[in-house]
Amino acid sequence: MKRSLLLIFLFAALFSSCRWFKDTPEVGLVLSEHFNNKLYKDFDTAVYNVLFKKHLDSAGSKFSNPKVVTAFYKANNFEPVLVTRFFADGQLDSLAAYISRSPEHGFNPKSFRYRQIEELLQTLKENKFKDIAEVYPVIADLELNAAEGLIKYNNYVNYGVVNPRKVFSRYYIPVARPDSLSISKVLATENMVRLLNDVQPKDKGYMIFKQQLAKFRLKPNADGARDDANAISPVAKTLLVNMERLRWKMPDMGEEYVEVNIPDFSLTWFNDKDTVTHMKVCVGGPRNEDYAEQLKLFIKTGKLDDKPKNHETPVMLSKFNSIQVNPVWNIPVSIARSEIYYQALRDPYYLSNNNINVYYKGRLVGDPDTIQWNKYPREKLPFQFKQGSGGGNALGKFKFVFENGSSIYLHDTNNKSAFRLANRAISHGCVRVENPLNFAQNLVKDKYQYDDLRMEVNLPPTDTTRMAVYKKKLAKKADTVNVFKLKPKWFGVKKDVDILINYRTAWIENGRLQFRPDVYRLDAALWDAMKKFR
């Protein structure tokens, strides 16, 4: 009995060492069944893995995310995950089909290794291998090219090809970008077709942009070469850059938000996609065309006269937190040096006539008209300036405040004629609104608070039962014995009203394409960043 057991053990060990009972890996079983060819049952994982690692090492520098890809396959024992899951059921063919249609989004299929994937798929489909060793390099290359194509297609279509925060110095919206975790999830997908469908932009405007872009026939040449970027029409470029903007993954803004579109010089209040109000705005003036050269000169000389002006309104997203009625304007240092200083130098009464207080080391200067401005170089101006509340205040009667690091806010203005201009890029960076009272009415918490706000700016309340309160306020302001000093007053606002200051030069309005000039030349900068990805 013992001798019989020993013989059985020896025979089992012998058969195992000779691989007579070798387990066929899943990829071999899938391909064997798909092609009805027993050749694939000879698939040797150990041999394949050695070859796959060599291909992975040599391809690393050519792929967009080599570290993530390497980590993924290492975690999966270097198995051909995508080929195993998606070759037999045709989902790799679907990947190739989606990539072939990437010009609809403005991309070149070459960017996603379309030719390599197609050729490798065709080679595997022909099933003309003489031995299993010929299969290994085909599967390894197909796996790696499919992985690269899938990752890049997902990233480009789902997130956009560029990170706006790296292209624009004044872009302050935290858009989501692909990371190692999201890329690994893409490679680990259980349903590639569903993933490819899910990443397609669903925005109605984007769909119309795609339809319009198709008219320009932006397709690569037969050899896959890129289009001559200089030959693309201005309209096509505008469509392409605005499609890219729609691909950026913005934070959720909820049901109620306000959008300022800089190139359109307009503000729109949305509530569950319905328009609550729409009005004109004035935004920051554009930089000079030679801004970059002027900046180099200023860095070299350090002279304020050489410093170029940058009043462009930033792109940002925030939430309203308060309204200041009868605001005080804390005049920025840049404006004080470039404008207020020269006004005071020319006219010693300019400051008092414009209700501008002067502060030295935090203390109010009693009589600023006596300051001898020519004794102070504006580069080292030791004064601070505040314009008091009142009709002449540059901010008008209302200031709408939201948190940001650029001291930007929405406000009223005492220069209403500016809203008649076609080009309203004229401010120092903040946004002037055409109808601030209407805007305030939408922003305050309730009608009672709105009436309080109206009475602060000498308007009667809408609730007639409060007329006695209103008249008492007017009498107090008109009292010649106890001189009334107008001061700012703060009001709270409704919760969760976002403010988006955006930059769109093309969009869809009532089913029709709208185009606006590239007032800050941001389209041009974005196009330069996008070209290398086409």
Side-chain angles (χ1 to χ4, degrees), residues 26-27 30-31 34 52 56 59 63-121 124-125 139-163 175-207 209-210 243-252 533:
E26 186 179 0
V27 65
V30 168
L31 296 178
H34 178 73
F52 180 79
L56 182 58
F63 287 172
S64 54
N65 297 274
K67 291 183 180 179
V68 179
V69 172
T70 300
F72 173 81
Y73 282 106
K74 185 177 181 180
N76 285 274
N77 301 314
F78 300 101
E79 296 173 7
V81 177
L82 300 182
V83 174
T84 302
R85 290 179 181 172
F86 305 122
F87 173 74
D89 66 1
Q91 292 196 57
L92 284 182
D93 293 296
S94 296
L95 171 63
Y98 271 93
I99 290 174
S100 71
R101 297 192 296 271
S102 60
E104 296 175 357
H105 300 282
F107 303 132
N108 192 320
K110 184 179 180 181
S111 299
F112 311 110
R113 298 188 163 261
Y114 174 68
R115 180 180 58 79
Q116 294 93 323
I117 294 172
E118 276 283 275
E119 291 177 355
L120 289 163
L121 281 171
L124 188 54
K125 288 176 184 177
I139 292 181
D141 286 344
L142 177 57
E143 181 72 22
L144 288 170
N145 280 282
E148 174 70 358
L150 178 62
I151 290 169
K152 289 186 75 172
Y153 186 89
N154 171 81
N155 291 354
Y156 283 18
V157 176
N158 199 23
Y159 295 92
V161 298
V162 299
N163 184 344
V175 295
R177 297 297 302 165
D179 56 20
S180 58
L181 180 60
S182 68
I183 293 170
S184 296
K185 286 183 177 180
V186 167
L187 292 175
T189 182
E190 296 290 337
N191 191 321
M192 186 182 292
V193 171
R194 182 187 300 159
L195 183 149
L196 292 167
N197 181 64
D198 287 348
V199 302
Q200 301 302 310
K202 306 300 190 298
D203 182 88
K204 291 182 180 179
Y206 191 96
M207 304 303 290
F209 286 166
K210 279 176 63 177
M243 287 172 71
E244 172 69 1
R245 289 186 175 107
L246 289 173
R247 287 190 287 262
W248 295 337
K249 282 194 171 303
M250 306 274 283
D252 182 15
F533 296 102

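Values reported hereafter were calculated over all heavy atoms of this structure, with side chains retained and with hydrogens, waters and symmetry mates removed. Because the structure is predicted, anything quoted here is derived from the model rather than measured.
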Show the numbers, then the answer: is there a salt bridge (charged side-chain N to carboxylate O under 4.0 Å, His left out) between Arg115 and Glu118?
CA-CA 5 Å; Arg115 180 180 58 79; Glu118 276 283 275; over 6 Å; no

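- Using a 4.5 Å heavy-atom threshold, the side chains of Asn108 and Tyr114 count as separate.
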Please test Gln116 against Asp141 for side-chain contact (heavy atoms from CB on, under 4.5 Å), starting from the C-alpha separation and ending with a verdict.
CA-CA 9 Å; Gln116 294 93 323; Asp141 286 344; over 6 Å; no

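- Distance check: Asp203 CG to Arg247 CZ gives 12.0 Å after rounding to the nearest 0.5 Å.
- The CG atom of Leu195 lies 10.5 Å from the OH atom of Tyr153; values are rounded to the nearest 0.5 Å.
- When all heavy atoms of Ser182 and Tyr159 are compared, the pair lying nearest together is CB-OH, 3.9 Å.
- Here OG of Ser94 is found 8.0 Å from CG of Asp89. Values are rounded to the nearest 0.5 Å.
- Within a 6.0 Å sphere centred on CD of Glu79, other residues, nucleotides and ligands contribute more than 12 heavy atoms.
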Go through the steps to decide whether Ile183 and Asn154 satisfy the test side-chain contact (heavy atoms from CB on, under 4.5 Å), and finish with yes or no.
CA-CA 9 Å; Ile183 293 170; Asn154 171 81; over 6 Å; no

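- Between the Trp248 side chain and the Val162 main chain, a donor and an acceptor come within less than 3.5 Å of each other.
- A 4.5 Å side-chain heavy-atom check between Ile151 and Val69 finds at least one atom pair inside the cut-off.
- Looking at heavy atoms from C-beta onward, Val157 lies in side-chain contact with Pro201 at the 4.5 angstrom threshold.
- The number of heavy atoms from other shown groups lying within 6.0 Å of NZ (Lys202) is above 12.
- In terms of modelled atom types and a separation under 3.5 Å, the side chain of Thr70 and the main chain of Lys67 share no donor-acceptor contact.
- Across all their heavy atoms, Gly205 and Leu246 have their closest contact at C-CD1, 4.4 Å.
- When all heavy atoms of Ser111 and Tyr156 are compared, the closest pair comes out as CB-CE2, 4.5 Å.
- Using a 4.5 Å heavy-atom threshold, the side chains of Leu121 and Ile117 count as touching.
- Using a 30° and 60° split on the angle between ring planes, His105 and Tyr206 fall in the tilted class, from 30° to 60°.
- In terms of modelled atom types and a separation under 3.5 Å, the side chain of Gln91 and the main chain of Val193 share a donor-acceptor contact.
- The two residues Ser64 and Lys152 have their closest heavy-atom pair at OG-CG, 3.5 Å.
- Side-chain contact check for Ser100 versus Pro109: every heavy-atom pair is 4.5 Å or farther apart.
- A distance of 8.5 Å separates CZ of Phe209 from CE of Met243, quoted to the nearest 0.5 Å.
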Using the side-chain contact (heavy atoms from CB on, under 4.5 Å) rule, take Thr84 and Glu143 through it: C-alpha gap first, then chi angles, then the decisive distance, then the call.
CA-CA 9 Å; Thr84 302; Glu143 181 72 22; over 6 Å; no

Evaluate the criterion side-chain contact (heavy atoms from CB on, under 4.5 Å) for residue pair Val175 and Met250; output intermediate values, then yes/no.
CA-CA 5 Å; Val175 295; Met250 306 274 283; 4.2 Å; yes

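- Side-chain contact between Phe107 and Val161: present, with at least one pair of heavy atoms (C-beta onward) separated by less than 4.5 Å.
- Closest heavy-atom contact between Leu187 and Leu82: O-CD2, 3.7 Å.
- The structure places CD of Gln200 at 8.0 Å from CD of Glu104, a figure rounded to the nearest 0.5 Å.
- Between Asn158 and Lys249, the side chains place a donor N or O and an acceptor N or O closer than 3.5 Å (distance only, hydrogens not considered).
- In this structure, Arg85 fails the cation-pi test against Phe87, since its NZ or CZ atom is not both closer than 6.0 Å to the six-membered ring centre and inside 45 degrees of the ring normal.
- Interatomic distance, CG of Leu92 versus NZ of Lys125, reported as 9.0 Å (0.5 Å rounding).
- No side-chain heavy atom of Phe86 sits under 4.5 Å from any side-chain heavy atom of Leu95.
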